[in-house]
Amino acid sequence: MAKLGFVGLGVMGGGIARRLLDAGHELVGYNRTKEKARALIEAGMSWCDSPREAAERSDVVFTMVTNVAALRAVADGADGILAGLGPGKVYVDMSTVGPAASRELAQRVRETGAEMLDAPVSGSVATLEEGRLSVMVGGDTATFERVEPILRDVGPKVTRVGEHGQAALMKIASNLQLAVQMLAFSEGVLLAEKGGIEREVAVEVLTNSAIASPMVKYRGPFVLEQPEEAWFDVNMMQKDMNLALELGRELNVPLPTTAVTNELLTAARGMGLAAKDFAVLFDTLAAMAGVETRLGA
Ligand SMILES: NC(=O)c1ccc[n+]([C@@H]2O[C@H](COP(=O)([O-])OP(=O)(O)OC[C@H]3O[C@@H](n4cnc5c(N)ncnc54)[C@H](OP(=O)(O)O)[C@@H]3O)[C@@H](O)[C@H]2O)c1
């Protein structure tokens, strides 16, 4: 079995690392904030003092960090992943970043003699824990075939979508729909509520109707009660919407519903809700409709 390394043990990275450990893989790992890795260390993950060490001590090293700035922070420099790569090794980045940044990184990885795959995931904390995450992969076929069995231990649906950066593109094409759906769901709930239907009833009906995607099923109820910790906060959601809008401009694809929803995310930030789960799109729209929510009208 290949030795695995994992850098970025936040909500998603920590959960994926846990699945890899549970599947019996030998795992080493690093996180900027060591405290967050404590449970994984207790479960058998061996701690590394730097991303470089995680790359040096593994055959396949993964990253799952916030954005491009975070990716550069763990990949570059004397203690970065690139410094620990070499021929025969594979670097798999699972973070959601733009395709251009991902392709540029793949080129730099190649220069070390190693191979890279972009492998962002679709799903949430709940999907991850249930073992139902889907993984999109970009990169060459031979490297994909080497890593695919490991990715199947993360989630059952692993799809190679094309060359370097194509999975990053696919992920953004998928993610823009999360916020758009959440806004449309909020419109439906508010319309029903202002017309006299109880919010709980509207949520119950909609989450069991034809519009109930897996995301609407698990996030829809957040309009009744926000989770204590955001599953995916407004800032992170807006990062992906901005990536989508940039790509839309580049590829000449109008993204009207993405643009409108992005403005509502900006409004949410203006209301001081940036760290809340992006389901606060509901509260943002409710404020415009003069409807009181748990956050106030
Ligand atoms: N949450 C979801 O539902 C979901 C679903 C699919 C994809 N994603 C994607 O998964 C990625 C991670 O999201 P998450 O929800 O796991 O976020 P998270 O819990 O905030 O974790 C972010 C990780 O990035 C690290 N990081 C951030 N800035 C860094 C820096 N400058 N240097 C080193 N490490 C840095 C954090 O380290 P610290 O612990 O030290 O802060 C942490 O390990 C994002 O690209 C997101 O778009 C998330």
Side-chain angles (χ1 to χ4, degrees), residues 5-19 29-41 45 47-55 61-77 79-82 92-99 101-102 105 118-130 132-137 151 154-155 157 167-179 181-182 213-215 217-219 222 227-244 265 274-279:
F6 213 104
V7 174
L9 302 165
V11 171
M12 294 303 281
I16 292 171
R18 167 68 69 159
R19 287 197 67 79
Y30 167 86
N31 193 51
R32 180 180 60 176
T33 310
K34 186 174 179 181
E35 190 48 37
K36 289 194 199 161
R38 195 137 325 269
L40 286 164
I41 295 169
M45 183 190 80
W47 175 253
C48 297
D49 284 325
S50 66
R52 175 185 180 148
E53 189 186 330
V61 63
F62 295 82
T63 46
M64 182 51 133
V65 293
T66 314
N67 52 22
V68 173
L71 194 55
R72 295 209 167 114
V74 298
D76 293 346
D79 278 336
I81 287 174
L82 287 165
V92 181
D93 176 40
M94 306 188 93
S95 322
T96 303
V97 296
S102 187
L105 189 55
D118 40 309
V121 301
S122 176
S124 65
V125 192
T127 330
L128 172 59
E129 281 168 3
E130 289 161 6
R132 292 190 296 105
L133 216 57
S134 57
V135 189
M136 296 148 261
V137 186
L151 294 176
V154 174
K157 185 74 188 151
L169 169 63
M170 192 65 242
K171 166 68 181 167
I172 292 157
S174 161
N175 255 31
L176 67 88
Q177 300 180 50
L178 294 177
Q181 276 188 23
M182 192 61 218
S213 67
M215 195 280 299
K217 270 195 195 299
Y218 63 67
R219 187 166 268 109
F222 290 0
E228 260 175 49
E229 292 272 317
W231 285 19
F232 197 57
D233 70 27
V234 168
N235 277 337
M236 203 97 88
M237 188 69 252
Q238 195 157 41
K239 162 193 67 121
D240 294 355
M241 299 301 264
N242 285 327
L243 286 170
L265 288 168
K276 297 276 183 198
D277 190 275
F278 76 87

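Counting convention: from 1, in listed order, for ligands and their atoms alike. Starting from 1, each residue takes its place in the sequence as its number.
Between Asp240 and Thr96, the side chains place no donor N or O within less than 3.5 Å of an acceptor N or O (distance only, hydrogens not considered). Side-chain contact, Asn31 with Thr33: no donor N or O sits under 3.5 Å from an acceptor N or O.
Other residues, nucleotides and ligands contribute more than 12 heavy atoms inside 6.0 Å of the NZ atom of Lys217. Surrounding NZ of Lys239 are more than 12 heavy atoms belonging to other residues, nucleotides or ligands, all under 6.0 Å away.
Geometrically, ligand 1 and Phe232 share no nitrogen or oxygen pair separated by less than 3.5 Å. For the pair Lys239 and ligand 1, the shortest N or O to N or O distance falls below 3.5 Å. Polar contact check, Ala70 against ligand 1: no nitrogen or oxygen pair lies under 3.5 Å apart. The distance criterion of under 3.5 Å between nitrogen or oxygen atoms is not met by Val121 with respect to ligand 1.
Distances below 4.0 Å separate heavy atoms of Gly123 from the following atoms of ligand 1: 3 (O), 5 (C), 6 (C). Close approach of ligand 1 to Gly8 (heavy-atom distance below 4.0 Å) involves ligand atoms 43 (O). Near Met64, meaning under 4.0 Å from any of its heavy atoms, are these atoms of ligand 1: 10 (O), 11 (C), 23 (C). Against a heavy-atom cut-off of under 4.0 Å, Lys171 is close to the following atoms of ligand 1: 6 (C), 7 (C). In the vicinity of Met236, heavy-atom distances shorter than 4.0 Å reach the ligand 1 atoms 13 (O), 14 (P), 15 (O), 17 (O), 47 (O). Shown in contact with Leu9 at under 4.0 Å from a heavy atom are these atoms of ligand 1, numbered in order with element: 43 (O). The distance from ligand 1 to the heavy atoms of Ser124 drops below 4.0 Å at these ligand atoms: 3 (O).
Using a 4.0 Å cut-off between heavy atoms, Asn31 contacts ligand 1 through its side chain alone, with no backbone atom that close. Residue contacts with ligand 1, taken as heavy atom pairs separated by less than 4.0 Å, do not involve Met94 at all. Under 4.0 angstrom from ligand 1, the non-hydrogen atoms of Lys36 all belong to its side chain. With a 4.0 Å heavy-atom cut-off, ligand 1 is reached by no atom of Met215.
Contact check for Leu151 versus Lys157: no side-chain heavy atoms found under the 4.5 Å cut-off. You'll find the side chain of Phe6 stays beyond 4.5 Å of the side chain of Met45, heavy atoms only. Within the 4.5 Å cutoff, no side-chain heavy atoms of Ile81 are placed close to those of Arg52. In this structure the side chain of Trp231 reaches within 4.5 angstrom of the side chain of Phe222, judged on heavy atoms. You'll find the side chain of Val121 reaches within 4.5 Å of the side chain of Met64, heavy atoms only.
Of the candidates Arg32, Arg219, Glu229, Arg32 brings a heavy atom nearest to atom 35 (C) of ligand 1. Counting heavy atoms only, Met12 comes closest to atom 16 (O) of ligand 1 of the residues Arg72, Glu35, Lys34, Met12.
The protein heavy-atom contact nearest to atom 18 (P) of ligand 1 is Val11 N, 4.0 Å.
Using a cut-off of 4.0 Å between Lys/Arg side-chain N and Asp/Glu carboxylate O, Asp233 and Lys276 are scored as not salt-bridged.
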